[in-house]
Amino acid sequence: METRVVTVKNMANQQDANKILEAIEHVWGITKAEVNLSKSQASFSFDEKMASVHDFEQALVESGFEIINQEESR
């Protein structure tokens, strides 16, 4: 299990936060996802045997968002 926190550029409102959460939750292997609108951050835990960080980054980009930075936490 791996957990990541990413800062998302242009997350402006609750609709954006919901869109980000939905994109993350549709990636295979996700076990937990949360979005913090006030910090413009999304955190997610996933099974690294089923998905990679790149899969989540791609899901966000395809949803129209850009990742500013990411942190690994275990």
Side-chain angles (χ1 to χ4, degrees):
M1 179 86 63
E2 189 170 331
T3 300
R4 293 288 176 141
V5 176
V6 295
T7 302
V8 182
K9 186 176 181 178
N10 299 331
M11 186 189 327
N13 54 41
Q14 189 61 48
Q15 287 178 323
D16 289 345
N18 293 343
K19 190 173 179 182
I20 290 166
L21 186 60
E22 184 176 333
I24 291 170
E25 288 178 336
H26 278 90
V27 176
W28 184 256
I30 187 74
T31 57
K32 181 181 178 186
E34 296 177 346
V35 176
N36 185 324
L37 179 58
S38 66
K39 292 184 177 182
S40 295
Q41 292 184 330
S43 61
F44 49 93
S45 299
F46 62 98
D47 183 336
E48 62 273 8
K49 294 177 185 168
M50 300 171 115
S52 70
V53 173
H54 178 73
D55 296 324
F56 293 97
E57 291 174 349
Q58 189 64 35
L60 292 173
V61 168
E62 288 174 2
S63 294
F65 297 94
E66 182 180 336
I67 296 172
I68 298 171
N69 65 29
Q70 63 177 307
E71 302 171 9
E72 181 178 359
S73 59
R74 294 209 175 220

Inset, instruction - Test side chain to side chain contact (heavy atoms under 4.5 Å, CB included) on Asp16 and Phe65 and set out the steps. - result: CA-CA 9 Å; Asp16 289 345; Phe65 297 94; 3.9 Å; yes

Legend entry - Over all atoms of both residues, closest heavy-atom pair of Glu48 and Glu2: OE1-N, 3.2 Å

Legend entry - Distance-minimising heavy-atom pair for Ala12 and Leu37: C-CD1, 4.2 Å

Legend entry - Over 12 non-hydrogen atoms of neighbours within 6.0 angstrom of CD in Gln14: yes

Legend entry - Nearest heavy atoms of Glu25 and Ala33, plus distance in Å: CG-CB, 4.2 Å

Inset, instruction - Say whether, by atom type as modelled, one donor and one acceptor occur between the side chain of Thr31 and the main chain of Ser45 under 3.5 angstrom. - result: yes

Legend entry - Gln41 side-chain N/O to Val6 backbone N/O, donor-acceptor pair under 3.5 Å: no

Inset, instruction - Show the numbers, then the answer: is there a side chain to side chain contact (heavy atoms under 4.5 Å, CB included) between Asp55 and Val53? - result: CA-CA 5 Å; Asp55 296 324; Val53 173; over 6 Å; no

Inset, instruction - Linking directly or through intermediates, with side-chain heavy atoms under 4.5 Å: list the remaining ILVMFWY members grouped with Met50, chain and number order. - result: Trp28

Legend entry - Spacing of CE belonging to Met1 relative to NZ belonging to Lys32, to within rounding of 0.5 Å: 10.0 Å

Legend entry - Verdict with supporting geometry, Phe44 and Thr3, side chain to side chain contact (heavy atoms under 4.5 Å, CB included): CA-CA 6 Å; Phe44 49 93; Thr3 300; over 6 Å; no

Inset, instruction - Kindly determine whether Thr7 and Ile67 satisfy side chain to side chain contact (heavy atoms under 4.5 Å, CB included), including the steps that lead there. - result: CA-CA 6 Å; Thr7 302; Ile67 296 172; over 6 Å; no

Legend entry - Heavy-atom closest contact (Ile24 atom, Leu60 atom, distance): CG1-CD2, 4.1 Å

Legend entry - Validation row: Met11, Ile20 side chains within 4.5 angstrom (heavy atoms): yes

Inset, instruction - For Asp47, check side-chain hydrogen bond (donor to acceptor under 3.5 Å, both in side chains) against everything at least two apart and list the hits. - result: none

Inset, instruction - Return the set of residues passing side-chain hydrogen bond (donor to acceptor under 3.5 Å, both in side chains) with Glu34 (not counting sequence neighbours), or none when no residue passes. - result: none

Legend entry - Side chain proximity check, Arg4 to Phe46, heavy atoms < 4.5 angstrom: yes

